[in-house]
Amino acid sequence: MGQNAARPRYAVGLMSGTSVDGIDAAVVAMGSSPDGRPLAELVSFRNMPYPSVIRDEIFALFDPRYATVDRVGRMNVLLGELYAEAALTVIAEAGLAAADIAVIGSHGQTIWHAPEPEPAAGYDIAFTVQIGEGAVIAARTGIPCVSDFRAADMAAGGQGAPLVPFTEYVLYGERDRTLLLQNIGGIGNMTVLPAGCGADEVIAFDTGPGNMLIDGLVSKLIPGMTMDKGGALARKGSVNAALLEELKREPYYRQPLPKSTGRERFGAAYVEKVAAYGQDNGLSAEDLIATVTMLTAWSIGDAYRRYVINRYAADALIVGGGGSYNPALLDLLKREMATFGVPVQTQEELGRSSDAKEAVAFALLADYALAGQPNNLPSVTGAKRPAVMGKIAYPCRP
Ligand SMILES: Nc1ncnc2c1ncn2[C@@H]1O[C@H](COP(=O)(O)OP(=O)(O)OP(=O)(O)O)[C@@H](O)[C@H]1O
Ligand SMILES: CC(=O)N[C@H]1[C@@H]2OC[C@@H](O2)[C@@H](O)[C@@H]1O[C@H](C)C(=O)O
């Protein structure tokens with residue numbers, strides 16, 4: 001990337017995930033190792049929770065009947081303002097000035113993801129919508145901003161997701177160990193980095209729900225709570241075997257790769273169905289939460305069994321994302337992976353910041369985009385060719 005090892009280039013990464021918990025902002029020092037491998041070192045990091053009115057409005061926008069063009073347009077610009085503030089805050093906390101930052105990479109907030117093409121007026125149309133206007137971020141910060149990354153991969157025939165595996169390949173690939181990197185955010189996603197692999201050997205896909213079903217049931221059934229903090233509710237309940245078997249039949253788990261998913265499948269309507277089953281069968285909120293926690297752990301083990309084990313035997317599964325802070329989920333995942341002889345460790349146990357990982361990834365992806373370098377992994381997303389993902393907005397010059 002042409003970075004000079006003596007003088008770091010700084011970039012900012014901004015991530016708002018499918019859990020809609022807020023903005024992860026990171027300042028990253030970009031460099032390269034003596035063997036030419038990119039390095040991205042975290043300098044400062046902050047999670048800024050969305051104000052609850054914003055969070056509620058984003059959730060409302062997940063319903064296409066509510067998400068009218070004026071509401072989406074307003075939120076697009078409003079999020080641009082919040083992202084710019086988050087960037088400026090984290091830059092100041094790093095002891096830096098805007099002039100020190102080469103680029104901001106902003107993922108935006110996904111409000112719709114439809115990666116499977118459907119016919120429209122004679123064309124096959126797949127699309128994805130991430131909002132948070134990059135032009136506003138660039139104008140308010142004075143820093144070039146790369147945003148709307150997924151569209152270029154989709155235009156090349158890909159799913160537009162997952163994108164972080166490119167950075168995992170670049171930053172974390174090992175010569176002698178095959179690693180499974182499992183993110184448990186709103187959605188779960190797995191990256192397989194075979195020992196000494198090339199870019200076209202990386203396997204990565206969304207495994208299914210991460211915390212989305214757990215959060216959805218907690219929010220619906222437990223007043224004043226939005227997550228199962230520490231896994232306490234799951235631990236109080238019992239897994240309902242009949243419901244678990246029913247939920248395992250969801251066709252997504254069997255869908256061939258490449259694949260990605262989101263709230264359109266595992267969001268409010270799905271949670272309603274699980275809650276209705278609970279009511280009809282006399283299950284407590286804790287039983288339902290225990291059951292979907294088990295389902296989430298199972299779906300990760302099932303993905304490894306279905307798509308990976310016949311090609312690669314993993315040496316370790318490294319888990320990150322908010323789900324790694326849920327010990328009930330983590331224990332179940334350890335039990336699932338133990339059946340394959342795969343040990344589970346968290347990013348934190350390895351001394352890495354799990355919270356910052358995706359924000360760091362978007363800083364790196366933006367650095368590639370600004371340099372005009374391809375930054376997708378066609379073997380992962382199914383794109384027909386490499387693409388330079390991200391739209392660049394330049395700041396207004398006085
Ligand atoms: N202490 C905790 N105990 C239990 N669960 C937790 C805890 N902390 C975070 N979580 C879970 O993690 C979720 C947030 O995870 P994360 O920030 O990784 O998601 P995201 O980045 O929005 O999602 P995605 O990676 O799908 O885009 C919360 O909504 C909650 O369910
Ligand atoms: C469309 C979209 O926002 N997808 C997210 C979501 O959250 C996790 C998983 O589903 C992954 O596919 C993706 O995010 C990460 C950042 C990615 O692209 O790698």
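Residue indices begin at 1 and follow the sequence shown. Please read these numbers as outputs of a predicted model, since none were measured by experiment. In each ligand, atom 1 is the first atom listed, and ligand 1 is the first ligand listed.
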What I want to know is whether [X] and ligand 2 share at least one N or O pair that is separated by under 3.5 angstrom.
X: Asn183; result: no
X: Pro165; result: no
X: Arg150; result: yes
X: Val164; result: yes
X: Ser260; result: no

Indicate whether any N or O donor in one side chain lies under 3.5 Å from an N or O acceptor in the other, for [X] and [Y].
X: Tyr123; Y: Glu118; value: no
X: Asp287; Y: Asn240; value: no
X: Glu358; Y: Asn183; value: yes
X: Tyr172; Y: Thr167; value: no
X: Ser19; Y: Asp21; value: no
X: Tyr50; Y: Gln109; value: yes

TODO: Under the side chain to side chain contact (heavy atoms under 4.5 Å, CB included) rule, collect the residues that match up with Ala135, sequence neighbours excluded.
DONE: Glu133, Ala393
TODO: Would you mind checking which non-hydrogen protein atom is closest to atom 3 (O) of ligand 2, with the distance to 0.1 Å?
DONE: Thr110 OG1, 2.6 Å
Task: Identity and distance of the protein heavy atom lying nearest atom 8 (C) of ligand 2 - done: Asn189 OD1, 3.4 Å
Open item on the list: Give the atom numbers and elements of ligand 2 that come within less than 4.0 Å of a heavy atom of Met15.
Closed with: 16 (C)
TODO: Number the atoms of ligand 2 from 1 as they appear, then name those within less than 4.0 Å of a heavy atom of Thr18, with their elements.
DONE: 6 (C), 7 (O)
Open item on the list: Tell me whether Asp302 is salt-bridged to Arg305, with the criterion being a basic N under 4.0 Å from an acidic carboxylate O.
Closed with: yes
Open item on the list: Taking Glu272 first and then Lys220, would you say they form a salt bridge - that is, a charged N and a carboxylate O separated by under 4.0 Å?
Closed with: yes
Task: Residues in the immediate environment of ligand 1 (any heavy atom closer than 4.0 angstrom) - done: Met15, Gly17, Thr18, Ser19, Asp21, Asn183, Ile184, Gly185, Gly186, Ile187, Asn211, Asp215, Met227, Asp228, Lys229, Gly230, Gly321, Gly322, Gly323, Tyr325, Asn326, Glu358
Task: Under-4.0 Å heavy-atom contact with ligand 2, by part of Leu163 that carries it - done: both
- [ ] Calculate, to the nearest 0.5 Å, the distance between atoms OH and NZ belonging to Tyr307 and Lys259 respectively.
- [x] 3.0 Å
TODO: For residues Phe59 and Phe62, establish whether the separation of their ring centroids is below 6.0 Å.
DONE: yes
Task: From the candidates Asp206, Thr207, Thr191, the one that places a heavy atom nearest atom 11 (C) of ligand 2 - done: Asp206
